[in-house]
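Computed from a predicted model, the values in this text were never measured in an experiment. All ligand and atom numbering here is 1-based and tracks the order in the structure.
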Amino acid sequence: MKEVRILDKDFELFIDADTIQESIKRIAVDINNDLEGKDPIFIAILNGSFMFAGDLMKHVTVPSEITFVRIASYKGMKSSENIMEVMGLKEDIKDRTVVILEDIVDTGHTIERLLSQFETHSPKEIKVATLLFKPKALVKDVKPDYVALSIPNDFIVGYGLDYDGYGRNLQDIYKIKE
Ligand code: IMP
Ligand code: MG
C-alpha cells in the first residue's frame, strides 16, 4: 500500500488517480446534460478546487465561463465555522446560472456561507459541484447537486486538499493513518 508522510502525519492511499478521473468524467456528463443552453458560469473556490476545476472543465462541453475566488483557508485538521468573505469575484452573476466548484463538502458550513454570499448578487440559480462529500459529517441543510465521490469521515489529503498547506499536489487521495 502506497504511503506518504506529510509534516507530522502518515497517510495511506485511499482513492487512486484513475478513480478520481472517472468520477469527474461522470459528473461532467450530468453537468453537460443539465446545463445545455444555460450559459453557466463556474466559480471555483481556491485553493482546494484547483485540480478538480482544471480536470472537470476539460470535459465540460456546454458554452460556459469559469472564474476563481478565494475564501479563508482551513487550518489544521478541524473545520472552522469562522469563514471570511469571498474575495475576487469580478464577474456580474446577476440572472446567471452559477456552478460553485468545491473540493469537499464536510460539515457544510463553507458551502452554506458561499451560497448565502452569492445569493446577494441575485443569480438565476446556484448549483454546487464538489469533488468529495462526507455525508456523515454534514450538519447544515445543504445538498451538493453534483458529487464525484462520497467518502467516510476520515481526514484526507491530495488532489487539491491539504494538511496545513501541504499535500495539494498529490495526484491520488490519501487518508490519515490511525
Ligand atoms: P466544511 O465547511 O466543514 O464543509 O469544510 C469545508 C472545507 O474544509 C473544505 O473546503 C476543505 O478546505 C476543508 N476540509 C474538510 N475536510 C477535509 C479533509 O478531510 N482534508 C482536507 N481539508 C478538509
Ligand atoms: Mg476548501
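Listed by number with element, the atoms of ligand 1 under 4.0 angstrom from any heavy atom of K134 are 16 (N), 17 (C), 18 (C), 19 (O). Proximity to H109 (heavy-atom distance under 4.0 Å) selects the following atoms of ligand 1: 2 (O), 4 (O). Atoms of ligand 1 found under 4.0 Å from any heavy atom of E102, numbered from 1 in the order shown, are 10 (O). Residue D103 approaches ligand 1 through these ligand atoms, each under 4.0 Å from one of its heavy atoms: 9 (C), 10 (O), 11 (C), 12 (O).
Under the 4.5 Å side-chain criterion, counting only non-hydrogen atoms from C-beta, L56 is not in contact with L131.
Residue contacts with ligand 1, taken as heavy atom pairs separated by less than 4.0 Å, involve D162 solely via the backbone atoms N, CA, C and O.
A 6.0 Å sphere centred on CD of E125 holds more than 12 heavy atoms belonging to other residues, nucleotides or ligands. Residue D8 qualifies as enclosed at atom CG: its count of foreign heavy atoms under 6.0 Å is above 12.
Nearest-heavy-atom check against atom 20 (N) of ligand 1 across L161, D164, I156 picks out I156.
At least one N/O-N/O distance between G108 and ligand 1 falls below 3.5 Å.
Screening Y163, F155, F14 for a side-chain contact (heavy atoms from CB on, under 4.5 Å) with I176, the sole residue that qualifies is F155.
For the 3.5 Å distance criterion, the side chains of S49 and E102 fail to qualify, holding no donor opposite an acceptor.
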